[in-house]
Amino acid sequence: MKKCVIIPDSFKGTLSSAQICQVVKEEALRFFPGTDVLAVPVADGGEGTVDCFLAAVPGEKVSVKAHGPFGEPVLGYYGRFGEEAVLEMAMFAGLSQAEGRENPELASTYGVGEAIRQAILDGCTHILLGLGGSCTNDGGAGMAAALGYRFLDAAGESFVPTGGRLKDIAAISAGSLHNLEPLLCGIRFTAICDIDNPLCGPEGAAAVFAPQKGADAAMVERLDAGLCHLAEVLERDLGIQTKTLPGAGAAGGMGAGVAAFLKGQLRPGIQAVLDQVKFEELAVGADLVITGEGRLDSQSLHGKAVIGVAERAAAMGIPVVAIVGDVGKGADEAYGRGVTAIQSISRRPVDFSISRKDSLASLRAAAGDLFRLWRAAEKGR
C-alpha cells in the first residue's frame, strides 16, 4: 500500500473522529511503514463540526459570548477561514447544555443567532452553520429574533418564540426591522446537516427527534402543531414554503429557519466538509479510503458521512472500507453506493453500555485485522 486516506465521522457517545483517525493511522503504519497516510477527522453538522474543520483546514478559533438554550450565558467559538465562518448550533443550543432539564418547549436558538451576528460583524460573508445535536424545537425562530426579526402575538406584542410558543405567532415582521437589511445584506448562508426530514408530520422534526430531547407523546403533538403553524406563517409573511422542504426538520426545524429567515441553502453536512477539505485532491493516488460512523443502517443512506465519502471515492475508482460501531438494518444497501466492505468493531454480542467501554481497543483490533488482510492480499498477488 502506497497511500491511504482515513476520513471517518465520530462514533457518537464513544469515540471522536480525531481519536478514530489516530488509531487507524497508527495501525496502518504498523503494517505498512512508510505509507503515505492522510487522516482527516470529519463531522456532518453536529457536535465537533467546528473542531473538525479547524483540524482539516488552517483557520482561526474565535470566541463568542452568547446565551444558552434557557437564557444562561455561554462561552463558545466559531472557526474562521478568511471571510468564511463555520459555526455549530450545538455549541449554543445543544443537548449537552440541557442535560437534566430537557424541555424542547422552553429551549431557544437565540444564542445561535447571537453567534451568527458576531461572525457577520467580524467580517465574515459566508456562514456555514452545522445543524445537529440540538435540544430545541423552535424552527429557528429564536435565532431569527436575535438577528432582528420581530414575532408578534395576537395582541400585536413582540416576543421571542420557543418551541412551545410557535402557536402564538400571529405575524412575522421583517421589512421594517432595525438593522436587519444592513446586517444580512450580502451574507451567504449554508446549513450543513445529516438528515433530510421535512419540517412537520410523521417524519418531521418533532415526531422523529423531539422524544430524544425530553418530549413525551403529548408534547410531540403540541410541538408538531407549532411547527406546522410556523410554516403557514412563514409562507404567508415571508413567501417561503418550508413544510415539505427536505432537511427543514433538521435540528428542531432549524433547517426551515435557515431557508426562510436567512435565505440559506441546505446541504448534506458531509458534502460541505468534503468540499472544504478538497477530498478529490487528497485522494488522488490512494489505494484505499477508510471511513466510518457509529452505526451504519438505512438512515446512513440519507446524507451521512460513510455514503458521502464512498460515493466520491468510488467515482475515482478507489475501494472504500467502512469501519463502524454497529451494523444495522439496511446497511447492505451501502454496497450499491460505493462501499466496498463493512467492518464492525463489535467483537462479541454484548449490550452497548458494556461494549462502549472497550471501543478504543475494539477499534484498534478491527483496524489491525483490516490491514493484516490487505497485507496478505498484496503478498498473494
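- Around atom NZ of Lys65, no more than 12 heavy atoms belonging to other residues, nucleotides or ligands sit under 6.0 Å away.
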Should Arg364 and Glu26 be marked as a salt bridge (charged side-chain N to carboxylate O under 4.0 Å, His left out) after you check the CA-CA gap, both sets of side-chain angles, and the distance that decides it?
CA-CA 9 Å; Arg364 188 176 295 280; Glu26 288 172 355; 2.9 Å; yes

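- Remark: the backbone N or O of Ala215 is not paired with any side-chain donor or acceptor of Glu105 at under 3.5 angstrom.
- Counting only residues at least two apart or in different chains, side chain to side chain donor-acceptor pair (under 3.5 Å) contacts with residues 244-255 comprise Gln241-Thr244.
- Rounded to the nearest 0.5 angstrom, Cys135 SG and Leu106 CG are separated by 10.5 Å.
- Of the N and O atoms on the side chains of Gln97 and Glu72, not one donor lies less than 3.5 Å from an acceptor on the other residue.
- Asp138 and Tyr110 share no donor-acceptor pair across their side chains, judged by distance under 3.5 Å alone.
- Annotation: the span from Ser359 atom OG to Ile20 atom CD1 amounts to 8.5 Å, rounded to 0.5 Å.
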Before you tell me yes or no, could you show the steps for Asp369 and Leu373 under side chain to side chain contact (heavy atoms under 4.5 Å, CB included), namely the whole-Å CA-CA distance, both residues' side-chain angles and the distance that decides it to 0.1 Å?
CA-CA 6 Å; Asp369 286 345; Leu373 181 61; over 6 Å; no

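- Under the 4.5 Å side-chain heavy-atom criterion for ILVMFWY residues, a single connected hydrophobic cluster contains both Phe189 and Met254.
- Using cut-offs of 30° and 60° on the angle between ring planes, the pair Phe371 and Phe32 is perpendicular.
- Residues Leu75 and Met91 are members of separate hydrophobic clusters, defined by side-chain heavy-atom contacts under 4.5 angstrom among Ile, Leu, Val, Met, Phe, Trp and Tyr.
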Sequence neighbours left out, cut at 3.5 Å: what donor-acceptor pairs do the side chains of residues 305-316 make with other protein atoms?
from	atom 1	to	atom 2	distance (Å)
Glu311	OE2	Arg337	NE	2.6
Glu311	OE2	Arg337	NH2	3.1
Arg312	NE	Gln271	OE1	3.1
Arg312	NH1	Asp275	OD1	3.0
Arg312	NH1	Glu280	OE1	3.4
Arg312	NH1	Glu280	OE2	3.4
Arg312	NH2	Gln271	O	3.4
Arg312	NH2	Gln271	OE1	2.8
Arg312	NH2	Asp275	OD1	2.8

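- One hydrophobic cluster, built from ILVMFWY side chains closer than 4.5 Å, holds both Ile7 and Leu54.
- Applying the 6.0 Å contact sphere to CD of Glu99 captures no more than 12 heavy atoms from other residues, nucleotides or ligands.
- Of all heavy-atom pairs spanning Gly252 and Ser134, the tightest one is N-OG, 3.9 Å.
- A distance of 10.5 Å separates CD in Glu203 from CD1 in Ile195, rounded to the nearest 0.5 Å.
- Here Phe53 and Tyr77 keep their ring centres 6.0 angstrom or further from each other.
- At a threshold of 4.5 Å between side-chain heavy atoms, the hydrophobic network of Ile, Leu, Val, Met, Phe, Trp and Tyr places Leu363 and Trp374 in one connected group.
- In the displayed structure, Glu221 atom CD is contacted under 6.0 Å by at most 12 heavy atoms of other residues, nucleotides or ligands.
- The distance from atom OH of Tyr335 to atom OG1 of Thr340, rounded to the nearest 0.5 Å, is 9.5 Å.
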Show, in sequence, the C-alpha distance, side-chain angles and deciding distance for His126 and Glu83, and conclude whether the side chain to side chain donor-acceptor pair (under 3.5 Å) test is met.
CA-CA 7 Å; His126 181 207; Glu83 294 185 351; over 6 Å; no

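- Criterion: ILVMFWY side-chain heavy atoms under 4.5 Å apart, direct or through other members. Under it, Leu223 and Phe151 are not part of a common hydrophobic cluster.
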